[in-house]
Amino acid sequence: MGNPVVEVEGLRYAYRDREALAGVTFAIPRREIFAVLGPNGSGKTTLFKILSTLVPPMSGSVCLFGHDLSREAHRVRHHLGVVFQHPSLDRHLTVLENLVHHGHLHGLWGSALRRRALATLEWLGVGERARDRVGTLSGGLQRRAELAKVLVHRPELLVLDEPSTGLDPGARRDFRAILHRLRDEEQVTILLTTHLIEEAEQCDRVGVLHEGQLVAVGDPETLKASVRGDVVVIHAAHPGVLQTKLRERFGCEAVLVDGALRVEHPSGPDFVRAVAEAFPDEVKSAAFGKPTLDDIFVRMTGRRLWNG
Amino acid sequence: MERVRPKTIWRFLLPVATLWWREMVRFVRQRHRLLGTLGQPLLFWILLGGGLGGSFRPPGGPEGFSYAEYVYPGMIAMVLLFTAVFATITIIDDRREGFLQAVLVAPISRSRIVCGQALGCTTLAWLQGVLFLLLAPAAGVSLTPFAAVASAAVMFLVAFALTSLGLVIAWRMETIQGFHAIMNLILVPIWLLSGAFFPASGVPVWLQWIMRLDPLTYGVAALRRCLYLENPVLAGEVPPLLPSLALTLVFGVVAFVAAAATARRTAI
């Protein structure tokens, strides 16, 4: 397995008035897709900026490929590919010109660079648009061109900030498939930040970030298995009152989130039936489902990840 | 194995060259920029030369030396200043659109990034200054080939200094509006007080001192000296060529070092 590609230990970062990262520790082995899942303001972007070498860590240590970022960021950059949330392509240049420019910045040149750029575009299915100006490409194609640009110097670690933002579901699926191909065919290690549960669930491992701390780290299935059985969501006329009654009657601890009561129960259908029979006048609706990462987030933080 | 990486010296120059090249391509593809930076000085020159020519005669100049001719080197300085400024604004755009961030995570130092930006913007300013230099006969300046080459060389130096100064400001700014405010407050007075518009002789002593402290004064003086290499009297009462050149060089170096330092300190 070798040494981890990313090793973060006790990482802290504070802005003038608030602490964005409050002691974050995790490691990512080679060829893993790791998602940092968290809502806006959880510290994702700060973590991304530090890992992409834009901002030096304040305290704690961050090592990429065994090099400490506080001292040796320049040694890491040859092996690092960074995909920003907003496309970093020059709209006035063609797709190929953007890739060649990027290659030059990374010390590559000549016809070999052009061939490599064209091959990368082909690989990502944008070869036909190589000579078009970036401004004429759709959002999905721009994302691919952006990724192609970053791949020109063959990075071993890819860091992506909210890669799905602005993409329709189809383009999102395509992009995800590309990341999996990169992992499998090119042995690339990938870290991405996201606030989308379904995106995080497709990754090898997930770190759940909340108020600057990783509240859970693990593969999605294991994390979800830590919730026993089903998650039951109950809407009631007076949720506070029903919460007390549920405790008295069933001895279970319901959590009030966004005006609804959430209960973890080994058997969702039985519990829904029991509650509906016990409190027919109180319950407006009750439903159960298999746990998602959102439920992990609720359990860890008492809040929902995403009020969509 | 295919040879993808160049030898050491090229590896050093390549990122600078590619940033320079990008500025060229962008400029060629945005033709309105040429109109904006050349059109305004041209219009100013025609209006000022015509408007003030009747009531203002530059002191020290011989009979028949018009205001339009006096202000011509100043207009070249204006072309250099405006182009340099417009070009450095692209840095703010680059940051807003995310392009700059991608450059910053590449394995090159920020001084080299600034060097590429400065040389790109300088070249654009210089090329447009050279276009304006072609109008010398219209201004009544009879340029010898040697004087033209010397003037062009001085223009490159002045353009580099102004571009670097523009970069010091642009790297700190997050909005183009902020840049415009600073430009009006700092860059336009630097131009106005450089002797481009009126000579230092004949103004109050306190203003003379400010003009002496203006770094662009020596760039404009060096340009006047070069334009009239064959006939130094026509350059008027401006500082001599060599000290002016030396001070312009110092201006350029200081501004560049400041720009590189600003870039190193700036958090994105």
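These numbers come from the heavy atoms of this one structure, side chains and all, not from hydrogens, waters or symmetry mates. So you know, we letter chains A, B, ... as the sequences are listed, proteins then strands, and number each from 1. It should be emphasised that the depicted structure is a prediction, and the values quoted were computed from it without experimental measurement.
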Contacting region of A:L89 [heavy-atom separation from chain B under 4.5 Å]:
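Looking at A:L89, just its backbone touches chain B.
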Interchain contact, A:P56 with chain B, by part (heavy-atom threshold 4.5 Å)
neither
Is it the side chain or the backbone of [X] that comes within 4.5 Å of chain A heavy atoms, both, or neither?
| X | value |
| --- | --- |
| B:L19 | both |
| B:R110 | side chain |
| B:V105 | both |
| B:V103 | both |

When you measure from the side chain of A:E9 to the backbone N and O of A:G60, does any donor-acceptor pair fall under 3.5 Å?
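No.
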Between B:A17, B:G116, B:A106, B:G98, who has the most heavy-atom pairs with chain A when the cutoff is under 4.5 Å?
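Most pairs with chain A among the choices: B:A106.
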In terms of heavy-atom pairs under 4.5 Å, which option from A:H86, A:E97, A:Q85 contacts chain B the most?
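When all of A:H86, A:E97, A:Q85 are compared, A:E97 has the most.
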For chain B, which candidate among A:D90, A:T53, A:V150, A:V82 shows the most heavy-atom pairs at distances under 4.5 Å?
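Winner by heavy-atom pair count: A:D90.
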Does the Lys NZ or Arg CZ of A:R114 fall within the cation-pi geometry relative to A:W109 - under 6.0 Å from the ring centre and within 45° of the axis?
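Because its charged atom misses either the 6.0 Å distance or the 45° angle limit, A:R114 does not stack over A:W109.
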Measure from NZ or CZ of A:R75 to the centre of the six-membered ring of A:F65 and say whether it is under 6.0 Å with the direction within 45° of the ring axis.
no
Once you measure the plane-to-plane angle for B:W45 and B:Y72, does it fall in the parallel (<30°), tilted (30-60°) or perpendicular (>60°) bin?
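B:W45 vs B:Y72 ring planes: tilted.
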Can you label the angle between the B:W191 ring and the B:F197 ring as parallel, tilted or perpendicular, going by 30° and 60°?
tilted
Is the distance between the ring centroids of A:H102 and A:H153 under 6.0 Å?
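Judged by ring-centre distance (under 6.0 Å), A:H153 and A:H102 do meet the cut-off.
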How about B:V16 and B:I108: do any of their side-chain heavy atoms sit closer than 4.5 Å?
no
